[in-house]
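Quick note on labels: first sequence line is chain A, next is B, and so on, each numbered from 1. Note that the structure is a prediction, hence the values are computed from the model and not measured.
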2 protein chains.
Amino acid sequence: MELSDRQLKIMQAIIKTYLETGEPVGSRTISKYSDLNLSSATIRNEMSDLEEMGYIVQPHTSAGRIPTDKGYRLYVDTMMEDKVQEVENMKSELMEKADKMETLFKSVAKLLANKTNYASMVSGPRYKSKKVKFIQLSEVDSNHLLTIVVLDGNVVKNQMIKIHEPVSSENVAKLNFVLNTALNGLDVSEVNIAVIQSIKSQVNEHGGIVDSVLEVIANALTEDDDFEVYTSGTTNILKYPELTDKDNIVDLLDTFEERTLITQWKESDVQNDGDENHAIQVYIGNETKLDSMKDCSLVTATYRIGDGVYGKIGIVGPKRMDYEKVVATLQSLMKELDDIFKEKN
Amino acid sequence: MELSDRQLKIMQAIIKTYLETGEPVGSRTISKYSDLNLSSATIRNEMSDLEEMGYIVQPHTSAGRIPTDKGYRLYVDTMMEDKVQEVENMKSELMEKADKMETLFKSVAKLLANKTNYASMVSGPRYKSKKVKFIQLSEVDSNHLLTIVVLDGNVVKNQMIKIHEPVSSENVAKLNFVLNTALNGLDVSEVNIAVIQSIKSQVNEHGGIVDSVLEVIANALTEDDDFEVYTSGTTNILKYPELTDKDNIVDLLDTFEERTLITQWKESDVQNDGDENHAIQVYIGNETKLDSMKDCSLVTATYRIGDGVYGKIGIVGPKRMDYEKVVATLQSLMKELDDIFKEKN
DNA sequence: GTTAGCACTCTAATTAAAAGAGTGCTAACA
DNA sequence: TGTTAGCACTCTTTTAATTAGAGTGCTAAC
């Protein structure tokens with residue numbers, strides 16, 4: 001069942017009005033607001049049809065209509081206008097903070113929350129496959145050995161190991177050589193028993209230390225929980241009364257505190273990228289698959305720092321969020337992030 | 001004006017009842033509840049006096065009384081009973097997560113929030129004076145040099161430096177030697193122009209790289225914003241209706257998101273420690289100096305990992321929080337943390 | 001196909017009344 | 001002199017009832 005041209009226009013009028021006011025919108029409002037020049041009675045008839053088709057509902061008899069998820073989906077997919085966001089000084093603001101990835105992501109989150117007035121979530125980068133690029137052991141003092149592992153993409157992991165036996169500096173050098181020769185270029189699946197045996201056979205002393213080091217490396221390669229998530233503007237969602245039911249709000253805030261959304265982000269493979277600019281996706285209400293988010297929408301974008309190194313940025317707001325603005329903001333932000341990552345290499 | 005014995009008993013009865021119920025408590029309740037065997041009329045007279053002295057107030061005429069900050073203070077300072085907290089398996093729970101400081105603090109925060117049903121905040125360690133213990137430059141690939149700085153207390157900082165000119169491995173070794181010789185044992189105030197000049201004079205090439213490295217080291221020594229704060233159970237405060245005034249709750253949650261409390265933590269020098277177990281301090285209402293916290297109380301404890309390396313743990317709840325339980329929980333937690341830090345050394 | 005008009009429905013706001021809790025005060029009592 | 005019973009009074013909370021408002025659906029006319 002196709003929607004007529006007029007029905008589309010009415011839908012657009014309903015949604016736009018509702019996005020602004022948050023109140024159910026009635027036939028009379030539309031008949032005045034839009035340039036259709038139709039009486040409220042005509043609008044009423046059309047609205048009745050639109051309701052039957054599932055695009056709008058009444059909260060109760062004798063109230064105006066509000067869009068359903070399906071209605072929002074229609075809007076987002078087919079009638080959203082491309083808004084060009086003034087790019088202004090986001091980039092310069094971010095560059096200041098870009099010396100460390102961590103602070104960069106934190107300020108991205110904060111910036112987005114401020115610009116949009118919704119809540120934001122930024123995930124740190126994940127790595128599709130992690131390979132060892134460089135290993136270094138250093139004797140920090142007689143009791144401590146520092147293990148440094150650099151992975152593909154120049155991710156640095158370090159961990160202090162407590163040692164009970166002193167190690168001579170020649171042995172440290174030897175360990176470094178053996179470890180680098182044996183492990184460089186390998187990913188986790190390639191570090192098997194044979195490789196480990198080979199390392200151990202070349203280092204006849206300090207078996208315990210080798211074990212510790214290998215453990216650190218294994219952690220560096222497998223660990224997924226260093227996958228940080230930065231949030232900001234959580235309280236912005238309290239500004240929207242439709243989200244402020246005592247019961248729901250706790251769940252919603254918990255979803256943020258627990259970073260539950262990332263579960264989903266891991267699942268959603270970044271498959272259909274490349275075709276679109278930055279794979280901006282909109283999840284409306286239950287499309288998020290999270291019960292606590294049933295009255296919210298989530299807009300996500302994927303950034304990529306290098307090959308197979310990517311992360312997600314998300315904005316959470318009420319279903320009646322200003323999708324145009326959010327999408328435009330994300331789009332221009334992504335461009336700037338691209339630049340920043342390029343400069344940082 | 002000293003309080004009589006009877007007045008103290010009445011205060012205690014009022015506060016204990018109020019802690020449980022959160023409702024203003026009336027004279028009749030006290031006359032039944034407490035073992036004073038006094039009629040409600042007598043209690044009323046005493047209450048009237050206590051109100052005049054500023055220990056309790058009525059929210060309105062014809063309501064019961066609730067404690068003022070002064071009243072709570074009296075309770076916390078002089079009438080709280082030492083509750084011994086069953087220590088059970090907190091430690092074993094924590095040890096699992098203790099391989100990395102970061103995850104340890106995260107789980108401490110979570111554990112506290114769960115155990116107490118209030119919100120918790122844990123600050124990562126700070127260092128009274130930071131000294132360079134060990135420096136290492138490593139050539140990771142032809143474009144990148146990894147700078148590693150280990151500070152006193154085995155805090156590791158690392159940063160990747162992008163280089164434009166290739167550096168020979170002899171030069172890297174030389175740089176390492178010069179830097180370590182010149183800087184080890186120094187704190188930020190001691191790295192002055194003379195030291196820098198001395199380094200530069202010993203390394204005639206790669207002036208740009210030396211600059212970058214010195215910048216990294218300077219950052220490592222001065223940076224204070226890597227002072228992480230972990231929070232948990234923020235939504236627990238929504239369980240207490242007296243904190244749920246729409247206006248105030250946003251400020252309060254923002255205080256958490258922004259980690260505003262740390263400002264205060266920095267100021268409050270850890271001076272009067274050592275005398276008390278773990279310097280557990282209770283801030284009631286406005287004693288926190290934060291307007292958003294005026295209806296809350298904050299209980300903090302100081303942990304110390306080593307000499308001059310310390311951090312804070314805090315619990316935030318309504319003013320009528322179960323101080324005995326919170327203090328006891330913190331106390332036993334601190335003991336366990338001591339053990340954990342000792343083991344980790 | 002469009003529109004005016006009207007009865008009907010449901011919510012939200014307003015008002016009124018009643019119930020409840022607790023105090024302060026007075027007067028009596030030990 | 002300290003304690004207590006009793007009662008009038010105050011203020012909040014709860015409940016109920018009424019009203020006003022918004023918006024629809026339907027019918028009949030254009």
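- Each of B/R6 and B/T61 has a nearest nucleotide on DNA chain D; the 5'-most of these lies closest to B/R6.
- Shown here is B/K9, whose NZ atom has no more than 12 heavy atoms of other residues, nucleotides or ligands within 6.0 Å.
- We find that CG of B/N45 is positioned 10 Å from C1' of D/dT4, with the value rounded to whole Å.
- For the pair A/R65 and D/dA22, the criterion of a side-chain N or O lying under 4.0 Å from OP1 or OP2 is not met.
- No donor-acceptor pair closer than 3.5 Å links the side chain of B/Q281 to the backbone N or O of B/T300.
- Across residues 22-40 of chain A, A/G26, A/S27 each have a non-hydrogen atom less than 4.0 Å from an atom of DNA chain D (numbered order).
- Between the side chain of B/E242 and the backbone N or O of B/P318 there is no donor-acceptor pair closer than 3.5 Å.
- The backbone N or O of A/I10 sits nowhere less than 3.5 Å from a side-chain atom of A/E46 that would complete a donor-acceptor pair.
- Protein atom CD of A/Q58 is 7 Å distant from nucleotide atom P of D/dT24, rounded to whole Å.
- Considering only side-chain atoms of B/M47, the nucleotide from D/dC11, C/dT23, C/dC10 that sits closest is C/dT23.
- For B/Q7 and D/dT3, the CD to P distance is 11 Å, given to the nearest whole Å.
- Using a distance-only test at 3.5 Å, with no hydrogens or angles considered, a donor-acceptor pair links the side chain of B/S332 to the main chain of B/T329.
- Under the Watson-Crick or G-U wobble criterion, with both distances below 3.5 Å, D/dT15 is paired with C/dA16.
- Between the side chain of A/R65 and the backbone N or O of A/I56 there is no donor-acceptor pair closer than 3.5 Å.
- The nearest whole Å value for the distance from the CD atom in A/E51 to the P atom in D/dG23 is 15 Å.
- Atom CD1 of B/I14 and atom C1' of C/dT23 are 14 Å apart (whole Å).
- Within 4.0 Å (heavy atoms only), B/T42 reaches at least one base atom of the nucleic acid.
- Atom CD1 in B/I66 sits roughly 14 Å away from atom P in D/dT12 (whole-Å rounding).
- Separating the CD1 atom of A/I43 from the P atom of C/dG1 is a distance of 16 Å, rounded to the nearest angstrom.
- Under a 4.0 Å N-O distance rule, the pair A/E287/A/K319 does not qualify as a salt bridge.
- Neither OP1 nor OP2 of D/dT27 sits under 4.0 Å from any side-chain N or O of A/R44.
- In this structure, B/E52 atom CD and C/dT23 atom P are separated by 16 Å, rounded to whole Å.
- Nucleotide D/dC26 is matched to C/dG5 when pairs are restricted to Watson-Crick or G-U wobble geometry with both distances under 3.5 angstrom.
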